[in-house]
There are 2 protein chains.
Amino acid sequence: MATGRTHRPATRSRGIPEATVARLPLYLRALTGLSERSVPTVSSEELATAAGVNSAKLRKDFSYLGSYGTRGVGYDVEYLVYQISRELGLTQDWPVVIVGIGNLGAALANYGGFASRGFRVAALIDADPAMAGKPVAGIPVRHSDQLEEIIRDNGVSIGVIATPAGAAQQVCDRLVAAGVTSILNFAPTVLSVPDGVDVRKVDLSIELQILAFHEQRKAGEDVRDVAAPPPTTVAQDGASSRPAGAGARTDREGPDDELPAVMPA
Amino acid sequence: MATGRTHRPATRSRGIPEATVARLPLYLRALTGLSERSVPTVSSEELATAAGVNSAKLRKDFSYLGSYGTRGVGYDVEYLVYQISRELGLTQDWPVVIVGIGNLGAALANYGGFASRGFRVAALIDADPAMAGKPVAGIPVRHSDQLEEIIRDNGVSIGVIATPAGAAQQVCDRLVAAGVTSILNFAPTVLSVPDGVDVRKVDLSIELQILAFHEQRKAGEDVRDVAAPPPTTVAQDGASSRPAGAGARTDREGPDDELPAVMPA
DNA sequence: CCATCTTTGTGCACGCGTTCACAAAGACAT
DNA sequence: ATGTCTTTGTGAACGCGTGCACAAAGATGG
């Protein structure tokens with residue numbers, strides 16, 4: 001998963017726990033699958049398995065939305081799809097702009113999961129003049145000079161940032177100033193935004209690092225000696241203030257470290 | 001953030017809380033930034049701000065790794081970079097395969113944040129014969145027939161799935177059978193894996209849906225009447241078992257609903 | 001109409017994560 | 001050497017999220 005969520009104490013909107021909100025899209029996906037196969041009803045047990053969660057958790061999650069099940073039977077698939085869609089705000093149309101049309105931006109523009117859930121790509125924006133006019137996913141790329149104009153004309157409130165890290169904050173500021181109040185950030189930077197603006201971030205390399213941690217643990221059962229000396233004792237073996245082991249990474253990374261280097265932006 | 005994590009009770013490896021592990025890459029990024037600017041030391045306050053977290057949380061996180069700070073001064077940047085890198089397992093080389101070379105797969109292959117953190121793209125794999133041999137990010141794409149061979153020859157333990165949803169489970173099974181024990185899944189499906197295999201998932205559309213929820217709340221302060229009737233009472237207004245409102249989404253989505261449609265795979 | 005059986009909805013307890021607030025540790029000046 | 005000042009490391013309290021286990025609700029069959 002990408003990690004994410006901002007520092008704010010998790011809006012806690014009208015009693016629906018943030019953790020539940022994060023799972024609703026999961027349920028929705030499982031439910032639309034069932035809907036396509038014309039399954040009329042599901043039990044919490046079946047749906048929970050399909051969504052990869054615990055059935056008790058699922059029932060509790062649904063209880064925050066209301067009593068939509070029928071005891072002894074289960075949940076009506078179509079009805080639940082509608083209710084969750086409505087709760088998530090997917091019954092209305094959300095115009096979205098994607099800024100930074102590199103590989104990632106193009107992948108996002110082509111992503112089918114957006115359009116089918118009420119998200120409409122209003123515009124693709126890139127800072128490279130050479131990109132302007134070039135169609136990506138059937139939509140012509142527009143130059144970032146027109147960013148504010150595009151936001152206002154289309155009433156865009158959600159922006160996706162897929163630029164290099166260096167440009168992200170600046171793009172973010174412009175989006176916010178133009179009226180965007182929700183941002184999905186793919187650039188590896190911490191964005192600072194005013195109150196009232198939501199930011200979620202997806203960091204590709206963070207997920208991989210978390211996997212590496214667990215992978216190391218798994219392997220470390222055997223090679224404990226080399227891999228993991230007790231960290232509490234490490235501080236003692238060197239000088240206390242400027243330890244000897246510093247900078248031991250063999251390959252020092254260049255300044256491109258934080259750059260996705262994926263998108264020309 | 002991308003969401004993610006699997007049902008398993010969060011390995012809880014050697015006392016380092018999962019939540020802390022998930023933040024270590026964040027600290028590492030902030031620290032490498034400071035390192036490049038040759039900043040020798042940071043206080044927990046400064047670093048916390050740079051990483052976008054609370055300073056108490058940061059100190060507690062570091063306390064799980066050991067006592068690496070100096071009271072009255074702060075933390076030695078280089079030393080901390082090394083310690084976190086080591087803890088995350090980034091001081092060793094992790095060969096990775098990416099399966100599914102569409103737009104997203106290509107974006108991942110080009111992503112600079114991988115190589116700089118000890119991840120090496122051992123191979124790009126795609127099921128489309130037309131892709132075979134074509135270089136992406138300087139690496140020739142190989143056909144998925146060779147998947148097992150590639151995994152074994154390179155000792156790959158981490159796999160990235162960027163295929164359409166329909167192919168994901170099958171690819172996953174083959175990866176696992178060939179020896180992969182950590183999977184980063186970008187396909188919108190719940191993967192089932194045997195014990196001992198870690199899965200993290202990144203779902204682009206889920207993040208957007210969560211944003212839409214909060215966006216709706218923000219807007220809903222005004223248009224309460226239409227947007228959010230009390231859900232507990234909704235169940236009463238229709239028939240109890242098969243409610244009237246079902247299927248009210250105007251645009252029914254096709255079967256491509258779950259398909260990223262991004263990558264030919 | 002009653003009994004049985006299935007499945008929901010939730011009260012409760014527990015554990016993890018977050019935050020506060022402060023004592024202890026050390027740097028630095030005198 | 002002693003005092004002051006800064007900043008860490010952590011004990012303790014709190015709140016959220018999870019999962020168990022069960023009572024209530026309703027369907028279904030006789």
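All heavy atoms count here, side chains included; hydrogens, waters and symmetry mates do not. We name chains A, B, ... by the order of the sequence lines, and we start the count at 1 in each one. In this text, all values refer to a predicted model and were calculated from it rather than measured experimentally.
Across the protein-nucleic acid pair, E18(A) atom CD and dT18(D) atom P stand 12 Å apart, rounded to whole Å. Atom NZ in K60(B) sits about 12 Å away from atom P in dG9(D), given to the nearest Å. Atom OH of Y68(B) and atom C1' of dT7(D) are 19 Å apart (whole Å). For N54(A) and dA21(D), the CG to P distance is 12 Å, given to the nearest whole Å. What separates CG of L58(A) from C1' of dT7(C) is a distance of 13 Å, to the nearest Å. Nucleotide dT10(D) holds its P atom 12 Å from the CG atom of L65(B), rounded to whole Å. Residue L24(A) contributes atom CG, which lies 13 Å from atom P of dG17(D) at whole-angstrom precision.
Look at S44(A) and you won't find any side-chain N or O under 4.0 angstrom from OP1 or OP2 of dT7(C). Using a 4.0 Å cut-off, some side-chain N or O of Y75(A) falls inside it from OP1 or OP2 of dG9(C). In terms of phosphate contacts, Y64(A) brings no side-chain nitrogen or oxygen within less than 4.0 Å of OP1 or OP2 of dG17(D).
Atoms OG and CG, on S35(B) and L80(B) in that order, are 11.0 Å from each other to the nearest 0.5 Å. Atom CZ of R200(B) and atom CG of L184(B) lie 8.5 Å apart (nearest 0.5 Å).
Scanning for side-chain hydrogen bond (donor to acceptor under 3.5 Å, both in side chains) contacts around S205(A) gives D203(A), Q209(A), with sequence neighbours left out. Residues passing the side-chain hydrogen bond (donor to acceptor under 3.5 Å, both in side chains) test with N54(B): none are found, sequence neighbours excluded. The salt bridge (charged side-chain N to carboxylate O under 4.0 Å, His left out) test applied to R23(B) returns D61(B), not counting sequence neighbours. In terms of the side-chain hydrogen bond (donor to acceptor under 3.5 Å, both in side chains) criterion, Q170(A) has no residue partners (sequence neighbours excluded).
Comparing dT10(D), dT7(C), dG17(D) by their nearest atom to the side chain of S63(B) picks out dT10(D). When distances run from any side-chain atom of K57(A) to the nucleotides dG17(D), dG19(D), dT18(C), the shortest one goes to dG19(D). With dG17(C), dC20(D), dA21(C) as the choices, the nucleotide that has an atom nearest any side-chain atom of A56(B) turns out to be dA21(C). Side chain of T70(A), nearest nucleotide from dT10(D), dC20(D), dA27(D): dA27(D). For S43(A), the side-chain atoms get nearest to dT7(C) when compared with the rest of dT7(C), dG17(C), dG9(D).
Annotation: of the two residues near DNA chain C, D61(B) and G74(A), the 5′-most nearest-nucleotide partner is G74(A). Both F62(B) and R59(A) sit near DNA chain D, but only F62(B) has its closest nucleotide nearer the 5' end.
In the helix from dC1(C)-dG30(D) to dT30(C)-dA1(D), the rotation axis of the first five pairs and that of the last five pairs differ in direction by 10°, rounded to 10 degrees.
Between the side chain of S43(A) and the backbone N or O of E46(A), at least one donor-acceptor pair lies under 3.5 Å. Of the possible donor and acceptor atoms, one in the side chain of W94(B) sits under 3.5 Å from a partner among the backbone N and O of G89(B). Not one N or O on the side chain of K60(A) forms a donor-acceptor pair closer than 3.5 Å with the backbone of T20(A).
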- Item | Heavy-atom protein contacts under 4.0 Å, nucleotides 1-6 of chain D, coded B base, S sugar-phosphate only, - none | -----B

- Query: Checking side-chain hydrogen bond (donor to acceptor under 3.5 Å, both in side chains) for the pair R59(A)/S44(A): CA distance, chi angles, key distance, verdict?
  - Reply: CA-CA 6 Å; R59(A) 287 198 299 277; S44(A) 61; 3.0 Å; yes

